[in-house]
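Structure, as structure tokens:
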Amino acid sequence: MFGQLLALLGVIFATQATGLRCGSLFENLYGIYAHRSGATSMTVENGGRWGGWCFKEFCKPGTYANGFIMKVEPAQGRGDDTALNGITIFCSSDSKKNIQSIASEVAWWGGWTRPKWCPSGYLSTFRLRTEPAQGKGDDTAANNLQFRCTDGTTLSGDGTNWGSYGAWSQTCRGKGICGMQTKIENKQGRGDDTALNDVHFYCCY
């Protein structure tokens, strides 16, 4: 299983090398090819304010998300903290075979945490831990993520602890989460980097 996950994550690392595919132009270009009929958006109200929405990506028809992994930069001490940089969800059918990874877009800093899986069923709702704007301080925006599965299990990501969790998103009334879209701020040079700011997930029947 671990070898299969590494192979799937290779696709994500390859997209990072080409730069962020975010903003209305890229959403329009990639959205044509990343669609699933009947998908409905699931959002939260406490996402960060910086950056742009990247392309949408969906699980293959007949599959839904039953696990996730995050890319997190740990506390940098006196350096610039970015906290949560990326989210990947793992999609499969009821048989849990032929696992597919999807990630929308991912920022540059940090490393991948260990995967978290629903014991049964699929991801059905989420909430985001974010830090509000710090004024002249170091902004991090999104820090961590929690999901609930259709079997009632809560899965907590291994993110950082700045800020606080907001309210849970809508609960998927279909079979489970089937897609996602991230909001990411590009590199700021000598400015304050925040990386991932917000995320939308999609529910499918």
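Small disclaimer: the values here were computed from a predicted structure and weren't measured.
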Assess the cysteine pair C149 / C118: is their SG-SG separation shorter than 2.5 Å?
yes

For the cysteine pair C91/C59, does the gap between the two SG atoms stay under 2.5 Å?
yes

As an exercise, state the distance from CD1 of I89 to OG of S101, rounded to the nearest 0.5 Å.
9.5 Å

Can you measure from CD (E131) to OG (S164) and round to the nearest 0.5 angstrom?
9.5 Å

Mark yes or no for whether E105, through its side chain, and A103, through its backbone, hold a donor-acceptor pair below 3.5 Å.
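Checked: no pair found.
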
Within the distance-only criterion (no hydrogens, no angle test), does the side chain of D158 pair as donor or acceptor with the backbone N or O of T113 below 3.5 angstrom?
no

Closest non-hydrogen atom pair between [X] and [Y], with its separation:
X	Y	result
F58	G179	CD2-CA, 3.8 Å
W109	E73	CB-OE2, 3.7 Å
R173	Y205	O-CE2, 3.5 Å
C172	C204	SG-N, 4.2 Å
V106	G86	CG1-CA, 4.1 Å
C178	I102	O-CD1, 4.2 Å

Carefully, step by step, assess W53 and T182 under the rule side-chain contact (heavy atoms from CB on, under 4.5 Å).
CA-CA 6 Å; W53 287 102; T182 50; 5.7 Å; no

With distance as the sole criterion, is a donor-acceptor pair present between the side chains of T194 and E185 under 3.5 Å?
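Judged by distance alone, the side chains do pair up.
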
Answer with yes or no whether the side chains of E57 and S104 bring together a donor and an acceptor at under 3.5 Å.
no

Between the side chains of R49 and D198, is the shortest nitrogen-to-carboxylate-oxygen separation below 4.0 Å, so that they form an ion pair?
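Salt bridge absent between D198 and R49.
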
Decide, yes or no, whether a salt bridge links D193 with K187 under the criterion of side-chain N to carboxylate O below 4.0 Å.
no

Under a single-linkage definition using a 4.5 Å side-chain heavy-atom cutoff for Ile, Leu, Val, Met, Phe, Trp and Tyr, are W112 and I99 assigned to the same hydrophobic cluster?
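Per the 4.5 Å side-chain linkage, W112 and I99 are co-clustered.
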
Let me check something: do L155 and M180 share a hydrophobic cluster, defined by ILVMFWY side-chain heavy atoms less than 4.5 Å apart, either directly or through other members?
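Linked, L155 and M180 end up in one cluster.
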
Would T63 and Q100 count as a side-chain contact (heavy atoms from CB on, under 4.5 Å) here? Give the steps.
CA-CA 9 Å; T63 67; Q100 170 202 13; 4.0 Å; yes

Taking the six-membered ring of Y122 as reference, does the NZ or CZ atom of R148 fall below 6.0 Å from its centre and within a 45° cone about the axis?
no

So, applying side chain to side chain contact (heavy atoms under 4.5 Å, CB included) with [X], which one of [options] is it?
X	options	value
L84	V72, T160, N143	V72
S169	V44, V199, L128	V44
W162	T140, D139, T130	T140

Between [Y] and [X], is there a side-chain heavy-atom distance shorter than 4.5 Å?
X	Y	value
F126	L145	yes
Q181	Y202	yes
M42	I177	yes

Candidate pair N197 and I184, rule side-chain contact (heavy atoms from CB on, under 4.5 Å), full reasoning
CA-CA 6 Å; N197 273 248; I184 294 181; over 6 Å; no

Are F90 and W117 an aromatic pair, judged by ring center distance below 6.0 Å?
yes

side-chain contact (heavy atoms from CB on, under 4.5 Å) assessment of D192 paired with D138:
CA-CA 7 Å; D192 185 0; D138 183 6; 3.0 Å; yes

Residue that, paired with Q146, satisfies side chain to side chain donor-acceptor pair (under 3.5 Å) out of R129, K116, R127
R127

